[in-house]
Amino acid sequence: AQLRGEPRAAGRPEDTGVSERIAVDAVMHVERELGYLPEEQDHSNPGFDILSKDPIDGGLRFIEVKGRVSGAPNFTVTRTEILTALNKPEAFVLAMVTVVDGAAEEVRYVRQPFAGSEDAFFDTTSVDYNWRKLFARGEDPA
């Protein structure tokens, strides 16, 4: 989804924290536009950033949000985020947001983003992924 007119976060978008804030705000906006009832989760909640509820059937979506400045080469996913995706494959969404000039430019949803348990090595705390390759697997939010 192409976004225009989104609020901008203060700070430098190159700062991952600023890019993440822009990304979460953009995904919350997209979820509302899709008719869902999104709730941002506490930062200490491991595994996903947004719990989004379908008001019609009560179904839940567990959304992990990753925001990066356009052109960023990679991003990190925690072991807990991968395990959440593997434990809830039909309900988990990896939302990837490109940030340009301090605003969200594009949101892509990747369903079942991780291949399997090899992504969550038990002696690993996180895994780096190629942004461009995973983003290309994404689709417009639905």
Problem - Salt bridge Glu106-Arg108, side-chain N to carboxylate O under 4.0 Å - result: yes
Problem - Carboxylate-amine/guanidinium proximity below 4.0 Å for Lys66 and Glu64 - result: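 Here Lys66 pairs with Glu64 in a salt bridge, since their nearest N and O are under 4.0 Å apart.
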For [X], which residues count as a side chain to side chain donor-acceptor pair (under 3.5 Å) partner, sequence neighbours excluded?
| X | result |
| --- | --- |
| Thr98 | none |
| Ser70 | none |
| Glu39 | none |
| Asp57 | none |

Practice task
Answer yes or no for Arg61 and Phe92: cation-pi contact, defined as NZ/CZ to six-membered ring centre under 6.0 Å and angle to ring axis within 45°.
Solution key: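 No; the conditions do not both hold, so Arg61 does not lie above the ring face of Phe92.
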Does [X] have any side-chain contact (heavy atoms from CB on, under 4.5 Å) partners at least two apart in sequence or in another chain, and if so, which?
| X | value |
| --- | --- |
| Ser126 | Thr76 |
| Leu60 | Leu51, Lys53, Phe62 |
| Val24 | Arg21, Met28, Glu40, Ile50, Val65 |
| Asn87 | Leu83 |

Exercise for the section: Under the ring-ring contact (aromatic ring centres under 6.0 Å, His included) rule, collect the residues that match up with Phe135, sequence neighbours excluded. Expected result: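 Applying ring-ring contact (aromatic ring centres under 6.0 Å, His included) to Phe135 gives Trp131.
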